[in-house]
Amino acid sequence: MSVNRSEQELVRINALEQLRAMGIEPFPAAEFKASHKAEELLEDFKEGKEVVLAGRLMSVRVMGKASFAELLDSTGRVQIYVNRDELCPGEDKEAYNTVFKKLLDFGDFIGVEGTTFTTQTGEPSILVKKLTVLGKSIRPLPVVKTDDQGNVHDKFSDPELRYRMRYVDLIVNENVKSTFIARSKVMQSMRNFFNERDYLEVETPILQPIPGGASARPFITHHNALDVPLYLRIANELYLKRLIVGGFEGVYEFAKDFRNEGMDRTHNPEFTVMEIYVAYKDYNWMMDFTEEMIERVCLELHGKTSITVGKNEINFQRPFKRVSMIDSIKEFTGHDISGMNEDELREVCKDLKIDIDPSMGKGKLIDEIFGEKCEGNYIQPTFITDYPIEMSPLCKKHRENPELTERFELMVNGKEIANAYSELNDPIDQRARFEEQLALNERGDDEAMFIDQDFLRALEYGMPPCSGMGIGIDRLVMLLTNNESIQEVLFFPQMRPEKFGEKKIELNESEKAIVDLLKAKMSMPLDELKLAANLSNKQWDKGIKALGKLGLTKVEKTDSALLVHYTGE
RNA sequence: GAUCCUGUAGCUCAGCUGGUAGAGCAUAUCACUUUUAAUGAUAGGGUCCUGGGUUCGAGCCCCAGCGGGAUCACCA
């Protein structure tokens, strides 16, 4: 496959070939043993130390017989000082003059051996005695520069390019890496928190015959050997509960779920949730557990419980506020919806000017009111409790009010972060709830749930009382790293696939017309050809230019006129 | 799905009322042995997203399409 190379790429490929010609392999196989990482070297910087480092060559500043550059490794940047006579003590100055100055480029991987020292301007640096080529880069990176005031120039900021080429984003935009390190730390803190309590990390199927545990449109696929449809999971809840049935008393999973729905700054088709189920507990216990966990995650990440998110200062110090959904609606709308039927709720929605449609049941209506009028008000961490039963088909009925369930969601910065239940373990009730969902489905709510008969069978064998909680990891990380877009916390957010189409050699109509005329005579005067082609000026112009580029025609200038030659087959 | 914004050199971006396609960085050549957005000189580099249209003439105006972003809608 031929690739159109830019001038700079050709220069780099040429340099690569020259290195080989000199007996220097630009992509060596051998291990390169470094003694330090950039960060540890700078942390405990002493002059006169012999060090070996490996990394990417950045910001090369050649000044005749001496040069400065930066070496970027996974931990940061160190300045290197490459001096001709230090690098080449003998007569042969090629390693400096040719290899370093001409054949190495910004972005190449090199290893350096040398001595630490401090420059006149006070910059800790490495005086390079030996330089090893570790990997050539034939495509130039975007050049991002930061001045001494910390202003970034020519920032690589186009979101499309950043997300499509995250590898480039990670190299040139330093803060991007820290977001993903934070993401890993958040998950690590949570794991530690669970493992200390002897809960078991498990894995459950991603390919499911019935996409249960939530209401969402699934991705569908097909298993050839079994000749059955399979779905990418929209949730893992029903499988984790099966494990509680099986006798585990605490299980958790960091799970990728998949939902075939719209994408925006808080939704990606695949996303990560952490779900945990603990036997013999209820949702009150789970609230304590959740706030303890979140407080700790924040402390371990930031060293404090208070963080800035956008314009808001959010404090994760325990305990979090707890408000029932009905009280919340009363507080923000003045309507007491307790005990209302569907028609009364519709009246309330009308009064509050909330858009509704006939497919919505009681639960959905209440959800709309809460989502419209209440949710956004909860900036500080707040547990909203006791959701209406219609919205929560997997959740146990409230011990005091059969219209409600023992459910809570944790709201932070106006958005839902976690969702938890006292899990429904009554198999008869569970079956009835699924059937109600099915009825809703028939009303047109295309997200109501499928019935998973095997899950019901498991419940019939008996599940201990338990409480389960799920946290959207992407959204939690967004919150904790002060990012407002989910794409900033996913390495590779979903994008429309890029077209790497090779340039079509197919000619369009006007190009064909010109070629046909020209082929007959193999060469003719340009004026005559233009006249004969009978094309508009624009079409002629585009057509003849394109043919020239494709190498099918060549224009020759003679004394009398311009001659067009056909050079194709 | 709707609306608005956007697509120009390797990168970041200018481009006036429609009149020869520009800058900085990067690249190449030269100079320069402690610089750090290194500096100075010279040079090369373009499918102005794609396809139509209007026009003597389109990067610019019109139509259609494609990519991306934002705001909605949708979304426990």
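Throughout, protein chains are lettered first and strands after them, A, B, ... in sequence-line order, and every chain is numbered starting at 1.
Rounded to an integer number of Å, the gap from A:I354 CD1 to B:A73 C1' is 16 Å. One can place CZ of A:R265 at 9 Å from C1' of B:U71, the figure rounded to the nearest angstrom. Atom CE of A:M58 is separated from atom C1' of B:A37 by 14 Å (rounded to the nearest Å). Between A:L161 atom CG and B:C11 atom P the separation is 7 Å, expressed in whole Å. One can place CZ of A:R84 at 16 Å from C1' of B:U34, the figure rounded to the nearest angstrom. Rounded to whole Å, atom P of B:U35 lies 11 Å from atom CZ of A:F117. The distance from atom OH of A:Y163 to atom P of B:G69 is 7 Å, rounded to the nearest whole Å. Note: CZ (A:R164) to C1' (B:G69) measures 12 Å, nearest angstrom.
For A:D154 and B:G24, a side-chain-to-base donor-acceptor distance below 3.5 Å is present, hydrogens and geometry of angles not being considered. Judged by distance alone with a 3.5 Å cut-off, a donor-acceptor contact links the side chain of A:Q79 to the base of B:U35.
In this structure, of B:A28, B:U34, B:C13, it is B:U34 that holds the atom nearest to the side chain of A:T119. Of the candidate nucleotides B:U33, B:U12, B:A37, B:A37 has the atom nearest to the side chain of A:D147. Of the candidates B:C11, B:U12, B:U33, B:U12 carries the atom nearest the A:S157 side chain, counting heavy atoms from C-beta on. Minimum atom distance to the side chain of A:D264 is reached by B:A73, of the listed B:A73, B:U36, B:C32. Closest to the side chain of A:E7, out of B:U34, B:A28, B:G45, is B:G45. For A:E123, the listed nucleotide lying nearest its side chain is B:U36; candidates were B:G10, B:U34, B:U36. For A:V143, the side-chain atoms get nearest to B:C25 when compared with the rest of B:G68, B:U35, B:C25. Across B:G10, B:C32, B:C11, the shortest atom-to-atom separation from the side chain of A:M63 is found for B:C32. Relative to the side chain of A:F68, the nucleotides B:A26, B:U12, B:U34 differ in distance, and B:U34 lies closest. The A:F156 side chain lies nearest to B:C11 when the options are B:U35, B:C11, B:A38.
Base contact: A:Y421 has a heavy atom under 4.0 Å from a base atom. The residue A:R12 sits apart from the nucleic acid: no heavy atom pair falls under 4.0 Å. At a threshold of 4.0 angstrom between heavy atoms, the contacts of A:E416 are confined to the sugar-phosphate backbone, with no base atom among them. Within 4.0 Å (heavy atoms only), A:T121 reaches at least one base atom of the nucleic acid. Within 4.0 Å (heavy atoms only), A:V172 reaches no atom of the nucleic acid at all. At the heavy-atom level, A:K65 lies under 4.0 Å from base atoms of the strands shown. Looking at heavy-atom distances under 4.0 Å, A:S59 makes contact with sugar-phosphate atoms alone, never a base. Heavy atoms of A:D85 sit under 4.0 angstrom from at least one base atom. Using a 4.0 Å heavy-atom distance criterion, A:Q487 is classed as a sugar-phosphate-only contact. Counting any heavy atom pair closer than 4.0 Å across all strands shown, A:Y387 reaches no nucleic acid atom. Residue contacts shown for A:E409 are limited to sugar-phosphate atoms, with no base heavy atom under 4.0 Å away.
Rounded to a whole angstrom, the distance from the P atom of B:G67 to that of B:A73 is 24 Å. A gap of 12 Å separates the P atoms of B:A26 and B:A37, to the nearest Å. Atom P of B:A58 sits at a distance of 12 Å from the matching atom of B:G53, rounded to the whole Å. Comparing B:U20 with B:G24, their C1' atoms are spaced 23 Å from each other, to the whole Å. Nucleotides B:G22 and B:G59 place their P atoms 13 Å apart, quoted to the nearest Å. Atom name C1', nucleotides B:U8 and B:U3: the rounded distance is 26 Å, in whole Å. Comparing the P positions of B:A21 and B:C60 gives an interatomic distance of 13 Å, to the nearest angstrom. Atom name C1', nucleotides B:G1 and B:C74: the rounded distance is 9 Å, in whole Å.
Ring geometry for A:Y96 against A:F100 counts as parallel: the plane angle stays under 30°, on a 0 to 90° scale with 60° as the upper cut. Between A:Y378 and A:F370, the angle of the ring planes stays under 30°, which puts this pair in the parallel group of the 30/60° scheme.
The partner of B:A64 is B:U50, by the rule that a Watson-Crick or G-U pair needs both atom distances under 3.5 Å. Summarising the base pairing, B:U55 is matched to no nucleotide, lacking a Watson-Crick or G-U wobble pair whose two defining distances lie under 3.5 Å. B:A2: Watson-Crick or G-U partner is B:U71, with both key distances under 3.5 Å. For B:U20, there is no paired base (Watson-Crick or G-U wobble, both distances below 3.5 Å). Pairing for B:C32 is absent, judged as Watson-Crick or G-U wobble with the two contacts each under 3.5 Å. Nucleotide B:A76 forms a pair with no other nucleotide shown, judged by Watson-Crick or G-U wobble geometry with both contacts under 3.5 Å.
Taking side-chain N and O atoms only, A:K364 has a distance below 4.0 Å to OP1 or OP2 of B:A76. A close approach under 4.0 Å does occur between a side-chain nitrogen or oxygen of A:K102 and OP1 or OP2 of B:C30. When the side-chain nitrogen and oxygen atoms of A:R496 are compared with OP1 and OP2 of B:G68, one or more of them lie within a distance under 4.0 Å. Taking 4.0 angstrom as the limit, A:R61 places none of its side-chain polar atoms (N or O) nearer than this to OP1 or OP2 of B:U35. Within the structure, a side-chain polar atom (N or O) of A:K145 is placed less than 4.0 Å from OP1 or OP2 of B:A26. Taking 4.0 angstrom as the limit, A:R259 places none of its side-chain polar atoms (N or O) nearer than this to OP1 or OP2 of B:C74.
Put simply, the residue from A:T115, A:L127, A:V112, A:T116 that forms a side chain to side chain contact (heavy atoms under 4.5 Å, CB included) with A:V51 is A:T116. Of the listed residues (A:V477, A:L476, A:N268), just one forms a side chain to side chain contact (heavy atoms under 4.5 Å, CB included) with A:V489, and that residue is A:V477.
Within a 6.0 Å sphere centred on CD of A:E47, heavy atoms belonging to other residues, nucleotides or ligands number more than 12.
Contact of the A:D257 side chain with the A:F271 side chain is registered, since non-hydrogen atoms from C-beta on lie closer than 4.5 Å. Between A:N413 and A:L479, some side-chain heavy-atom pair lies under the 4.5 Å cut-off. Looking at A:L394 and A:E237, their side chains come closer than 4.5 Å, going by heavy atoms from C-beta outward.
Residues A:T204 and A:E253 share a closest heavy-atom pair of OG1-OE1, 2.6 Å.
Ring-centre distance between A:F117 and A:Y81: below the 6.0 Å cut-off.
A:H153 does not qualify as a stacking partner of the B:G24 base, lacking a centre-to-centre distance under 5.5 Å together with planes within 30°.
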